[in-house]
Amino acid sequence: MGSQKFFIETFGCQMNVNDSEKAAGLLQARGLTASETPESADVIFVNTCAVRERAAEKLYHAVGRYRALKKEKPELRIAVGGCVAQLQGAEIIDRAPAIDVLVGTHNLNRLPELLDLNRETGERQSSIDTKADAFTIPAESVAHSSRVRAYVTIVEGCNHVCSFCVVPRTRGREVCRSPHDILSEIRGLLDRGYHEVMLLGQTVNAYQYGDVDFPALLRLIHDADERLWRLRFTTSHPAHVDERFARCFSDLPRLAPYLHLPVQSGADRILSDMRRGYTGAEYLKKLVLLRAHRPDIALTADVIVGYPGETEADFEATVRLVEDARYDGLFVFLYSPRPGTTAVRLADDVPELEKKRRFKVLNELQQRFQRERNQKMLGQTEKVLIEEVLEGEAKGRTAHFRLVHIPLDERDRVQVGDLVAVSVAAAYPNSLRATLPPR
Ligand code: SAM
């Protein structure tokens with residue numbers, strides 16, 4: 001497949017981004033090079049997300065666009081992977097004849113081989129076996145998309161049974177990577193100049209390998225190498241937030257003071273229907289525990305509005321929880337029924353307009369909190385790890401994962417990967433503007 005080009009379109013979470021980085025690495029190992037645009041590609045890989053209905057529909061829109069390119073260029077190959085491929089394998093093949101290759105979430109390593117087979121035989125190829133080993137792709141062949149933050153997947157799948165969530169169906173049950181493999185991947189990344197690592201898993205803090213649990217793994221990684229400036233992880237489940245977990249935030253100085261901890265609802269009745277395993281009060285106690293260990297920790301969450309049967313009183317309970325939690329960020333989703341989940345059997349009875357109203361109420365409330373909180377940062381000094389340098393501006397994140405824009409003039413020598421101390425000059429709900437110290 002030498003001298004050919006590939007283009008990857010990724011939908012969904014960081015795990016999908018990391019899978020796309022693996023796909024890019026596998027294709028590069030076969031001699032293909034990355035293309036900036038789908039028009040100049042010989043292979044297009046669409047990496048899909050099935051978490052919400054709209055996310056799944058994006059696959060068909062994307063394939064529709066690429067089918068038009070195939071008319072001009074019949075040798076173009078279209079491959080589809082990710083959660084929709086896993087969930088709707090045969091259906092996708094029927095619905096979108098332009099697709100040549102389909103790979104499930106555990107079969108990404110077979111992408112190059114299936115593309116070869118498709119070329120040789122002219123037959124469409126598919127591999128969607130969740131029993132296959134999800135960790136077969138060697139760490140050194142991952143083509144990381146960021147030069148600053150490297151994703152390292154440590155848990156695949158999820159053993160929770162949240163009623164709304166399709167992930168256990170698309171990614172199977174939890175499988176954890178060995179601490180040895182994780183540490184050796186991280187050492188390799190530090191050798192290549194990375195200083196920030198984000199550990200990934202659908203329920204990352206459920207990690208357990210032999211007697212190494214998640215807090216033990218964090219300590220191992222943290223203490224292994226001082227070149228690691230910032231250690232992050234996502235996504236965590238409240239069930240695995242306890243004293244040992246919280247203590248990591250006070251004991252490990254290079255563990256970034258940031259935690260994304262989805263709550264989903266503030267109403268106990270809805271939380272119980274969702275099978276989340278906690279009440280609103282129990283969840284809030286976990287935030288108190290985390291703040292006791294790390295008072296400045298930045299906390300963010302996901303909330304679903306319009307879950308089946310969610311009444312106005314249930315929604316008000318969510319509003320109260322969001323008021324109490326004082327999150328640094330909130331991701332609000334409109335409930336959408338997903339195939340194979342238990343909630344799909346319930347009537348999706350909150351009208352779309354009402355879901356949108358609830359979405360807006362929560363977002364406006366949260367934006368107000370963020371504006372107020374960011375205003376308090378005016379004049380503070382923050383350390384920003386630079387991720388992008390454009391003309392006249394650099395962008396990066398603080399340890400608390402706050403996005404910072406830094407205006408530059410032509411004499412400023414700021415580079416991607418630098419850790420710079422800046423002074424916060426302006427505050428917005430979703431970002432800060434900060435200036436470099438005077439020369
Ligand atoms: N595994 C993680 C967890 O349970 O915390 C999060 C994974 S999911 C990719 C990200 C978010 O999408 C969830 O936290 C939830 O708020 C939202 N989500 C999942 N299923 C949904 C559904 N059927 N409808 C609307 N939002 C959904």
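As the structure lists them, so they are numbered: ligands from 1, and atoms in each ligand from 1. Along the sequence shown, residues carry numbers from 1. Model, not experiment: these values are computed from the prediction.
- Residues Glu243 and His293 have side chains that bring a donor and an acceptor to within less than 3.5 angstrom of each other.
- Looking at Thr203 next to ligand 1, no N or O pair under 3.5 Å apart turns up.
- Residue Val167 places every heavy atom at 4.0 Å or more from ligand 1.
- Closest to atom 26 (N) of ligand 1, if we only count protein heavy atoms, is Phe333 CB, 3.5 Å.
- Ser145 and Glu21 share a donor-acceptor pair across their side chains, judged by distance under 3.5 Å alone.
- Under a 4.0 Å heavy-atom criterion, Val166 is not in contact with ligand 1.
- Closest heavy-atom approach to atom 2 (C) of ligand 1 among the candidates Gln202, Gln264, Arg276: Gln202.
- Summary of contacts: the protein heavy atom closest to atom 27 (C) of ligand 1 is Ile304 CD1, 3.6 Å.
- Protein heavy atom in closest approach to atom 20 (N) of ligand 1: Phe164 CD1, 3.3 Å.
- Ranking the protein heavy atoms by distance from atom 23 (N) of ligand 1 puts Ser336 O, 2.8 Å first.
- Here the protein heavy atom with the shortest distance to atom 9 (C) of ligand 1 is Val51 CG2, 3.5 Å.
- Between Cys165 and ligand 1, not a single N/O pair is under 3.5 Å apart.
- For the pair Arg52 and Phe333, the distance from NZ or CZ to the six-membered ring centre is under 6.0 Å and the angle to the ring normal is within 45 degrees.
- Side-chain contact check for Ser163 and Thr342: no donor-acceptor pair (N or O, by modelled atom type) lies under 3.5 Å.
- For the pair Arg397 and Phe401, the cation sits on the ring face: its NZ or CZ lies under 6.0 Å from the ring centre, inside 45° of the axis.
- For atom 11 (C) of ligand 1, the closest heavy atom belonging to the protein is Asp302 OD2, 3.3 Å.
- Distances from ligand 1 to the non-hydrogen atoms of Cys162 include no value under 4.0 Å.
- From the protein, the heavy atom lying nearest to atom 6 (C) of ligand 1 is Thr235 CG2, 4.1 Å.
- The nearest non-hydrogen atom to atom 17 (C) of ligand 1, considering only Arg52, Arg338, Arg171, Glu53, comes from Arg52.
- Aromatic rings of His144 and Tyr194 (six-membered ring for Trp) have centroids within the 6.0 Å cut-off, being under it.
- The closest side-chain donor-acceptor pair between Thr10 and Asn47, if any, does not fall under 3.5 angstrom.
- Under a cutoff of 6.0 Å and an axis angle of 45°, Arg326 and Phe369 form a cation-pi pair.
- Here the protein heavy atom with the shortest distance to atom 25 (C) of ligand 1 is Leu334 O, 3.3 Å.
- In this structure, the side chains of Phe249 and Leu290 come closer than 4.5 Å at one or more pairs of heavy atoms.
- With a 4.0 Å cut-off on non-hydrogen atoms, Pro262 touches ligand 1 through its side chain and not its backbone.
- Asn107 places no side-chain N or O within donor-acceptor distance of the main-chain N or O of Arg110, the cut-off being under 3.5 Å.
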